[in-house]
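These values consider heavy atoms only, across backbone and side chains, with no hydrogens, waters or symmetry-generated copies. First listed ligand is number 1; within each ligand, the first listed atom is number 1.
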Amino acid sequence: MKGIQGVVQLSLLVGAWGWEYKTKRNPAFPLDVVDKLQDETMPKVQAWLDKQHKAGKATNCTLENAAVRQEWSDMTVEARQEYVRAVLCLQKKSPRAPKDKVPGSLSRFDDFVATHMTQAGELHGPTNLFAAHRYFIYVYEKALREECGYTGYQPYMNYDRYVADPLNSLLFDGSPASMSGNGELAPYNGIPQPFPRPYDRIPADQGGGCVTTGPFKDMVVSLGPKGSVVRDIPPNPQRDGLGSNPRCLRRDVNRFSVAGAKANYTYHLITQHNDVDSFYNRYLGQPQLKGDPNPWGLHNAGHYLIGGDPGGDFYCSPGDPLFYFHHGALDRIWWIWQMNDPENRINAVPGQAMPGGHNHGRRQTTQPKNALDSVIDLGWTAPGVRLEEMNDQLGGLGGEMCYIYV
Ligand SMILES: *[C@@H]1O[C@H](CO)[C@@H](O)[C@H](O)[C@H]1NC(C)=O
Ligand SMILES: *[C@@H]1O[C@H](CO)[C@@H](O)[C@H](O)[C@H]1NC(C)=O
Ligand SMILES: [Cu+2]
């Protein structure tokens, strides 16, 4: 108790919430509006946890023992290299996916890509999108830790830090402590978007071809393609994309895309959408905001920052290891939104009021009345869990889910 109370009071005195006792932020990046909003939200998180504990729930998860997911550029060089090593390790471990069905999975890393492909409906219906991706990232983080000895947690990216000059950032500069750089220039036609012209596509940027720098320059992409927009990728030998199709990692680090994920967009998303369906729709960029020059929505803006192959392929996107940074970022944003009104938002599930929303994309033939009771099924990757457990990252799964973002 003593530790955290001390920090809280000290921080309140100086008018800011920091988690300095656990992690240092990189002073090269002044806090943006979303960082500030997150810091302002922390007392609400503490109050919510106190209330949960009084009610006898999630008794072992506290802000003191919660795992901490950091922004990539806030991590030390050593921590970034340790993370990179863990991902490379997962890419060398033997796959567990059934060989007959998924011959294209060449490693444990690929197992997750294959899961995202085969369970696409499970992961992407409106009721499931947030919670199922939370679970997906959690299970991946667990594999890095338990199978590859990683001692940290899954990093996320704060898009705003990579808007102006991504290729000279700590994420993409191609150094050994980066996640590798851009692909070589290989022009393609941009990424189609469901908006009226001139917003009907995100233009291509300066990449699109094979990645040639950094730790993932020799990475072998095997699964897919299945829904890619990048040219010149050899087709997969299986129609379902699960066959083996070894090729290079292609990337287009796309500034036109990430322009739609500047901090002001995220701030607007979190603060101007009280009900879960409008939050969900804005997250997906629907409908286009009046006069918005980058209307892609946070979800697409972040995905196509790392467009290419497999990053820009709806099914195979986790095949670019940056997928987990992007969905981590979205998970953080959802968490900040939830925690700004936990009583009303922690168990607010999108899509239940949308036409067909509750059943959209789901395989279960009998739907429970309440979406909270539905089961997130990641196939052979992880045990099924009730959706409600994933809504609570500070106490779900009997306290196993217990992490914060800083
Ligand atoms: C965010 O700021 C940009 C200018 O940098 C502006 O064009 C855009 O409309 C803003 N978006 C929102 C949602 O405020
Ligand atoms: C809380 O207890 C659960 C179940 O025993 C365990 O899995 C989890 O790691 C614990 N959480 C913390 C933060 O100690
Ligand atoms: Cu997905």
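Residue N264 has at least one nitrogen or oxygen atom sitting less than 3.5 Å from a nitrogen or oxygen atom of ligand 1, judged on distance alone.
Nearest non-hydrogen protein atom to atom 4 (C) of ligand 1 is K262 NZ, 4.1 Å. The protein non-hydrogen atom at the shortest distance from atom 8 (C) of ligand 1 is Y265 OH, 3.5 Å. In terms of protein heavy atoms, atom 10 (C) of ligand 2 is closest to N60 ND2, 2.5 Å.
The two residues L129 and H124 make their nearest non-hydrogen contact at CD1-CD2, 3.7 Å. Listed here is the closest heavy atom pair of S180 and G214: OG-C, 3.2 Å.
Using a distance-only test at 3.5 Å, with no hydrogens or angles considered, no donor-acceptor pair links the side chain of R108 to the main chain of S94.
A salt bridge links D205 with R255: at least one charged nitrogen is closer than 4.0 Å to a carboxylate oxygen.
Ligand 2 does not have C61 within reach: every non-hydrogen atom of the residue lies 4.0 Å or more from it.
Considering just the N/O/S atoms of H116, the one nearest the Cu ion (ligand 3) carries the name NE2. With respect to the Cu ion (ligand 3), H133 has NE2 as its nearest N, O or S atom.
Residues N300 and Q193 bring a donor and an acceptor atom of their side chains to less than 3.5 Å of each other.
Every atom of ligand 1 is numbered from 1 in the order shown, and the set under 4.0 Å from a heavy atom of P293 is 7 (O), 9 (O).
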Inset, instruction - Would you sort out whether E71 and Y405 count as a side-chain hydrogen bond (donor to acceptor under 3.5 Å, both in side chains), showing the intermediate values? - result: CA-CA 8 Å; E71 210 288 328; Y405 291 95; over 6 Å; no
